[in-house]
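These notes concern the structure reproduced below.
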Amino acid sequence: MQSFKISKTLVHISMEFAQTILNWYNIYKRELPWRGESDPYKIWISEVILQQTRVDQGKSYYYKFVENFPKVSDLANADEDFVMKCWQGLGYYSRARNLQFSAKYITKELNGEFPNSYKKLLELKGVGPYVAAAVASIAFQEKVAAIDGNVYRVLGRIFGIDKAIDTSAGKKYYQQLGNELIKNSNAGDFNQAVMEFGALHCSPKQPKCESCPFSENCIALRDNKIEQLPVKSKKVKQRDRFFHYLLVNSNDEIMIGKRTGKDIWNSLYEFPLVETPQKMEPEAFLSSEYFPEKLKSCNLNWKGVQNMKPHILSHQRIHAQFYEFEIEGELPVFGEYSVIKKKDIANFAFPRLIELYLTNSHKMG
DNA sequence: AAATCGGGGGC
DNA sequence: GCCCCAGATTT
């Protein structure tokens, strides 16, 4: 807060900051599907979709959700596989499961009355400080700052904050600063304005400092620290994984199973999967201990294998191969997998990696 | 506090 | 390749 003249009080600073950012917002804000929405349920949907997700990527999913589940009770009563199918391709699939879990909670336990405060919203599964603040401010005008990646960047730069955004002390500091700045504003507009400013003007790379309404007061600009702020302390490391998908086909049927557990892609479907600790060539894999005994003994006809380019996730590089088998007659009972008609395959939600394979192999015939 | 959970886009 | 995106939960 040293960026403003020392004689100014916090009230003056917050009013000046808010007025500047709201002026900018009124001129440059984008038209977005959820802009002007007053239904807290739909605002909630939009905010969950937009977690760690760009607006351009989330838009079509927002339309899909409000169309298929126009009310919270529609989402509560929907088939889980259909909800996951609507989320397919968006990533972080626990968001979809938690969304429906909380929709059931609101519908059944709260008699359909949507939580109407920051504190009550925080009790929903999948709702953290950001979403609770966003919904509370936009739907209920509660004066609580929604601190997302954009806001960290905008405040971090303008106020020259040296606290790291991925520490609890840093998060607390930013939240308190935001809560001061929002005090004299329409909370919903204020939060959306700061985020929009971060997305369009104070961007991570090549921010438009030359035309910035805060250029006179921005500490980062003054000290030439635009590239360094906001401060982050952690670094992510990736691990390699080696997946062998087994396509067990008959004429018109194929084997799939639903993933459970704490690994990636929980609640999505997949083909029988074997993971090996290191890279293995197809021939070596097929005659190895890793290839399931149950399948060795049932007269599989190996048609070929398709090698995918590494599938890159935030913490993993997945090297996948798809083995195509044909089998005469009935498909065997195998593990937790079940047999479906190939024509029904589009009803199930698959990871992007499998979707890519299906698209490719379909194209190739 | 650190690790994990996806997928896509910009450079 | 690296960084980041209208973050939250688990360990």
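- Considering Phe322(A), Phe350(A), Tyr245(A) in turn, Phe322(A) is the only one that fulfils the ring pair (Phe, Tyr, Trp, His ring centres under 6.0 Å) rule with Tyr357(A).
- Between the P atoms of dT11(C) and dG6(B), the separation comes to 14 Å (whole Å).
- Atom CD of Gln238(A) and atom P of dA3(B) are 14 Å apart (whole Å).
- Applying ring pair (Phe, Tyr, Trp, His ring centres under 6.0 Å) to Tyr323(A) and the options Phe285(A), Phe243(A), Phe271(A) leaves one that passes, Phe285(A).
- The distance between atom CG of Leu356(A) and atom C1' of dG8(B), rounded to the nearest whole Å, is 12 Å.
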Spell out protein contact along nucleotides 5-11 of chain C as letters: B when the base is contacted, S when just the sugar-phosphate is, - when no protein heavy atom is under 4.0 Å; keep the 5' to 3' order. BBBSS-S

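- Within 4.0 Å (heavy atoms only), Asp263(A) reaches sugar-phosphate atoms of the nucleic acid but no base atom.
- Of all heavy-atom pairs between Ala78(A) and Val83(A), the closest is CB-CG2, 3.8 Å.
- Contact check on Lys232(A) versus Asp166(A) returns no salt bridge, with no Lys/Arg side-chain nitrogen under 4.0 Å from an Asp/Glu carboxylate oxygen.
- Trp265(A) has a side-chain polar atom (N or O) that falls below the 4.0 Å cut-off from OP1 or OP2 of dG7(B).
- In this structure, Asp56(A) atom CG and dG8(B) atom C1' are separated by 11 Å, rounded to whole Å.
- Of the candidates Glu270(A), Glu80(A), Glu336(A), Lys258(A) forms a side-chain hydrogen bond (donor to acceptor under 3.5 Å, both in side chains) with just one, namely Glu80(A).
- In this entry the distance linking CD of Gln206(A) with P of dG9(B) reads 19 Å, nearest Å.
- Backbone-only contact: Gly89(A) has heavy atoms under 4.0 Å from sugar-phosphate atoms and none from a base.
- Atom NZ of Lys59(A) is separated from atom P of dG9(B) by 14 Å (rounded to the nearest Å).
- Each of dC5(B), dG7(B), dC3(C) was ranked by its minimum atom distance to the side chain of Leu313(A); first place goes to dG7(B).
- Nearest-nucleotide positions on DNA chain B for Leu353(A) and Ala169(A) put Ala169(A) closer to the 5' end.
- As rounded to the nearest Å, dC11(B) and dA6(C) have C1' atoms that lie 22 Å from one another.
- A side-chain donor from one of Glu47(A) and Tyr130(A) sits under 3.5 Å from a side-chain acceptor of the other.
- If you measure from atom CZ of Arg239(A) to atom C1' of dC5(B), you get 11 Å, rounded to the nearest angstrom.
- Comparing the C1' positions of dA1(B) and dC5(C) gives a spacing of 23 Å, expressed to the nearest Å.
- When the side-chain nitrogen and oxygen atoms of His311(A) are compared with OP1 and OP2 of dG7(B), one or more of them lie within a distance under 4.0 Å.
- For dG6(B), there is no paired base (Watson-Crick or G-U wobble, both distances below 3.5 Å).
- Note: CG (Leu268(A)) to P (dC5(B)) measures 14 Å, nearest angstrom.
- Base engagement by Leu90(A) is indicated by at least one non-hydrogen atom pair under 4.0 Å involving a base atom.
- Residues Trp34(A) and Tyr28(A) fall within the same hydrophobic cluster, defined by Ile, Leu, Val, Met, Phe, Trp and Tyr side chains chained together at heavy-atom separations under 4.5 Å.
- The side chain of Lys234(A) places an N or O atom within less than 4.0 Å of a non-bridging phosphate oxygen (OP1 or OP2) of dA2(B).
- Side chains of Lys172(A) and Gln175(A): a donor-acceptor N/O pair is absent below 3.5 angstrom, by distance only.
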